Amino acid sequence: MSLIKSEELFSKLAKQSKASSIREILKIIQSSDVISLAGGMPDPTTFPVEEIKEICSQILTRDSARALQYSSTEGLLKLREFLFQWLNMDAKKYTTDNIIITSGSQQGLDLVSKALLDPGDIVIVELPSYLAALNVFRSYGAEMIGIPMDSEGMQMESLEDTLEKITSKGKKVKFVYTISNFQNPAGVTMSLPRRKKMLEIAQKYDFFILEDNPYDKLRFEGEPIPSIFSFDYEGRVINLGTFSKILCPGLRLAWVSGNEEIIEKIATLKQATDLCTTMLNQLIASEYCEQGYIDKNIESNISIYKDKRDIMLQSLEKYFPEGTSWTKPNGGFFVFVTLPEYIDTDEMFSDAIKEKVAYVSGSSFYADGKGKNTMRLSFCYPSKEDIEEGIKRLGKVISKQIRK
Ligand SMILES: Cc1ncc(COP(=O)(O)O)c(C=O)c1O
């Protein structure tokens, strides 16, 4: 209880901000017997607890003064050196100065937006896209324009048409935001020709590409596709990576790679945000990677998540009624389901909760407010048994809505 009238004193930004629907859902279903196919949290059995305990103890014995101290805003050089090699960054184009460590990719999204956006600036996003990124762009007053996707990612003709319209009004786009691998929420991966085309279009219309890549290492099958960042030679692509899905999100460790000017700007802005990313956590991740654990952990994560993906896809085939369709991701955490047009997944949510299953309704991911008949299902967190049971329950809920 507070006696002060806080609302009157809130900033415009705070007044406009709404709690994320996903967070609200997670609150409802936490500690209940609802099977949640909603949250995008990693499976905690993938967290390498023993190795982290051991490494943490080594660091605190050997290097506590440094580990518990403030550190440079750009982040631990040793960790940036590791990332440079591990990500195969091209030494002809980049150095470790082109990487900054952030407190999660969410901070990367915030700092890039802070560096590039003024109120009214245009950002192009995928339809659908990552809700928490849309919230960041919105908080900086961006106007978001959505471009539809298909099985190869963002549709380039539609992007060009939209850009023609925007430029004919004398306006300009600041950046296109894309999650090029195993997209959140759609599970779709952008094809190589589309990646090349997107860069070409960015050159023609002169904007940045913000490529967010938290899932790229979690590929279950097929050959990896080079990131847009890897074939950019102008410093036009800003790339975000994170340890959240391949190590653990609790360390809050991620990185932004980009041209020197943008990285310097981000460093200046980060000083006003948190001064630096936690040194202890950077040392833990750095040691973990140097001791050769990271690739092994990723290998084991892939096998765990692939099994779960398979169970989800098999269960969807078995329990979902005719008239429904879904994406078949080759990696990552998510499957995106489309129901017949007349079903509203927001309205259906309370029926699902009665049947003790939860999902995220698709409309929250659409910058244009559409997607009412879609939903995101996550296979990352629940057990295999819960995935099958959850899909069975959801199939029942949807079947009741299907018009014969
Ligand atoms: C597309 C995307 N970007 C960024 C993030 C945030 O990741 P982090 O934990 O590094 O802040 C997530 C987390 O789910 C995500 O799905």
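Ligands are counted one by one from 1 in listed order, and the atoms in each one are counted from 1 as well. On a predicted model such as this, the values are computed, not experimentally measured, just so you know.
In summary, the side chains of Y319 and E388 do present a donor paired with an acceptor at a separation below 3.5 Å, with no hydrogens or angles considered.
Between E299 and K217 no salt bridge is recorded (no basic side-chain N to carboxylate O distance below 4.0 Å). K15 and E7 are not joined by a salt bridge, as no carboxylate oxygen comes within less than 4.0 angstrom of a charged side-chain nitrogen. Classification of E74 and K270 as a salt-bridged pair fails, no side-chain N sitting under 4.0 Å from a carboxylate O. Between K53 and E50, at least one side-chain nitrogen of the basic residue sits less than 4.0 Å from a carboxylate oxygen of the acidic one, meeting the salt-bridge criterion. Looking at K78 and E287, a side-chain N of the basic residue comes within less than 4.0 Å of a carboxylate O on the acidic one, giving a salt bridge.
Every atom of ligand 1 with a heavy atom of G104 under 4.0 Å away is listed here by number and element: 10 (O), 11 (O). Interface atoms of ligand 1 facing P214, defined by a heavy-atom separation under 4.0 Å, are 1 (C), 2 (C), 3 (N), 15 (C).
For the residues F182, F333, Y130, the heavy atom positioned nearest atom 12 (C) of ligand 1 is part of Y130. The residue from C248, S244, G250, P42 that puts a heavy atom closest to atom 9 (O) of ligand 1 is S244.
K245 NZ, 3.0 Å is the protein heavy atom nearest to atom 13 (C) of ligand 1. When only non-hydrogen protein atoms are considered, atom 7 (O) of ligand 1 lies nearest to S105 CB, 3.8 Å. Here the heavy atom of the protein found nearest to atom 1 (C) of ligand 1 is D212 OD2, 3.3 Å. Looking only at protein heavy atoms, the nearest one to atom 11 (O) of ligand 1 is R252 NH2, 2.8 Å.
Q183 places a side-chain N or O within donor-acceptor distance of the main-chain N or O of A186, the cut-off being under 3.5 Å.
Contact analysis leaves G40 out of contact with ligand 1, as no non-hydrogen atom separation drops below 4.0 angstrom. Ligand 1 lies nowhere less than 4.0 angstrom from a heavy atom belonging to Q183.
Looking at Y215 against ligand 1, only its side chain comes within 4.0 Å, counting heavy atoms.
The side-chain contact (heavy atoms from CB on, under 4.5 Å) check on E234 picks up Q203, D232, R236, with sequence neighbours excluded.
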